[in-house]
Amino acid sequence: MKKHNFSAGPCVLPQEVLKKASEAVVELDGIGLSLIEISHRSTEFVAIMESARALALELLGLEGKGYQALFLQGGASLEFLMVAYNLLENKAGYINTGTWSDKAIKEAKYFGDIIEVASSKDKNFKYIPKNYEVPGDLDYLHLTSNNTIFGTQVKALPVTDIPLVCDMSSDIFSRQIDFSMFDLIYAGAQKNMGPAGTTLVVVKEDILGKVSRQIPSMLDYQVHISKDSMFNTPSVFAVYTSMLTLQWLKDMGGISTIEEINEKKASLIYSEIDLNPLFTGFAEKEDRSAMNATFTLTDERLKETFDTMCKAAGINGINGHRSVGGYRASMYNALSLESVGVLVDIMSDLERNA
Ligand SMILES: *Cc1c(COP(=O)(O)O)cnc(C)c1O
């Protein structure tokens with residue numbers, strides 16, 4: 001039985017994408033060779049890379065606006081330092097909204113002064129800071145749009161002329177934003193796009209080339225741009241699978257269509273959390289994430305029963321992160337509304353039988 005996969009990452013991908021990707025491992029599009037045994041310089045793979053890059057820009061509405069899309073390696077975690085390597089000359093600002101922002105700050109500190117412009121650490125990151133002043137002398141301001149672990153999501157962007165950099169690992173392609181507000185966006189593939197092994201970086205070309213330090217080739221966005229995202233052998237399987245997911249998203253109508261479905265999923269689970277006395281939400285209501293719903297049982301004695309019911313229904317991956325506890329239901333693009341319905345039914349059954 002196919003399980004309902006609420007895992008936080010790596011996580012659920014569309015069934016048809018998994019099927020097509022697995023077929024390509026045996027033979028790519030009838031060419032008599034596997035996707036993972038052809039040269040990355042072959043016409044077939046060059047076309048896949050180009051199509052993945054173009055689809056990313058198209059879905060984000062950034063075609064022809066001076067942006068480049070790159071499929072790099074090293075995960076979002078390498079971007080924590082690549083961003084600073086390429087953009088930080090003197091001082092940068094970070095909004096600290098949890099574990100991932102914390103890690104981004106730690107790496108950036110190797111390259112210059114880092115100011116925590118705002119932080120929600122005082123309440124274990126259960127909210128998104130608002131109405132903060134952005135200093136005018138920053139090289140860039142860094143945000144994490146969705147906080148995968150704490151289940152909070154930035155709803156309103158800061159108004160500033162400072163270049164904006166965003167870690168969108170866990171909510172890219174899930175909701176409509178004016179993506180042109182950002183100068184650099186990065187996202188590990190393994191939450192809304194594909195398998196682990198590649199990281200999407202979307203960068204506005206004119207912010208590059210301004211730092212005085214020398215940048216090693218593999219860490220230099222300009223090198224990757226000049227080589228069409230193939231400076232070295234890319235992670236071919238991860239890029240191909242990401243391309244299929246982006247095509248799947250485009251075919252269904254793009255981000256606006258998936259956003260409607262994501263809103264339905266989120267309101268289904270959050271209304272259950274709010275109505276059911278056995279559950280409490282972790283994040284502040286106004287900052288709740290549509291991707292990761294974090295919640296706890298009000299009576300820990302029900303844990304075993306609830307876990308058993310979930311397991312019997314084929315629900316996978318809802319244990320909360322150790323820094324929050326309780327449960328986390330991750331509802332990325334490929335998770336169906338039906339799967340959320342199954343979880344919500346169990347939550348209400350638990351109340352009925354308690
Ligand atoms: C998962 C995640 C990361 C880490 O990504 P890696 O690709 O494992 O380095 C960074 N930021 C956010 C917001 C995440 O959800």
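Both ligands and their constituent atoms are indexed starting at 1 by order of listing. Predicted model, so just to flag it, every value in this text is computed and none were measured.
Counting heavy atoms under 4.0 Å from ligand 1, residue Asn147 does not touch it at all. Contacts of Tyr186 with ligand 1, taken as heavy-atom pairs under 4.0 Å, are absent altogether. No part of Lys103 comes within 4.0 Å of ligand 1, judged by heavy-atom distances.
Residues Tyr221 and Tyr186 keep their aromatic ring centres 6.0 Å or farther apart. The aromatic ring centroids of Tyr67 and Phe179 lie 6.0 Å or more from each other. Ring-centre distance between His142 and Tyr94: below the 6.0 Å cut-off.
For ligand 1, the polar-atom distance check finds no N/O of Thr144 at less than 3.5 Å from any of the ligand's N/O atoms. Polar contact check, Gly74 against ligand 1: no nitrogen or oxygen pair lies under 3.5 Å apart.
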task = Please lay out, stage by stage, how Phe306 and Tyr327 fare under the test ring pair (Phe, Tyr, Trp, His ring centres under 6.0 Å).
result = CA-CA 11 Å; Phe306 182 59; Tyr327 296 94; 5.1 Å; yes

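Within ligand 1, the atoms closer than 4.0 Å to a non-hydrogen atom of Ser170 are 15 (O), numbered from 1 in the order shown. The ligand atoms of ligand 1 that sit less than 4.0 angstrom from a heavy atom of Gly75 are 7 (O), 9 (O). The contact set between ligand 1 and Lys191, taken as ligand atoms under 4.0 Å from a residue heavy atom, comprises 1 (C), 2 (C), 3 (C), 14 (C), 15 (O). Atoms of ligand 1 lying under 4.0 Å from at least one heavy atom of Phe80, given by number and element, are 10 (C). Short contacts between ligand 1 and Asn146, defined as distances under 4.0 Å to a heavy atom of the residue, involve ligand atoms 13 (C).
For atom 5 (O) of ligand 1, the closest non-hydrogen atom of the protein is Ala76 CB, 3.5 Å. Ranking the protein heavy atoms by distance from atom 11 (N) of ligand 1 puts Asp167 OD2, 2.6 Å first. The nearest heavy-atom contact from the protein to atom 15 (O) of ligand 1 is Thr148 OG1, 2.5 Å. The closest protein non-hydrogen atom to atom 9 (O) of ligand 1 is Ser77 OG, 2.6 Å.
Distances from ligand 1 to the non-hydrogen atoms of Ile149 include no value under 4.0 Å. Within the structure, the closest approach of Gln190 to ligand 1 falls below 4.0 Å when heavy atoms are considered.
Of the possible donor and acceptor atoms, none in the side chain of Ser339 sits under 3.5 Å from a partner among the backbone N and O of His4. Proximity of a side-chain donor or acceptor of Ser120 to a complementary backbone N or O of Thr97 within less than 3.5 Å is not detected.
Distance check: Asp251 CG to Leu246 CG gives 11.0 Å after rounding to the nearest 0.5 Å.
Salt bridge annotation for Lys210-Asp139: absent, with no cationic side-chain nitrogen under 4.0 angstrom from a carboxylate oxygen. Contact check on Asp167 versus Lys103 returns no salt bridge, with no Lys/Arg side-chain nitrogen under 4.0 Å from an Asp/Glu carboxylate oxygen.
Glu259 and Gln176 form no side-chain donor-acceptor contact under 3.5 Å, judged by distance and modelled atom types alone.
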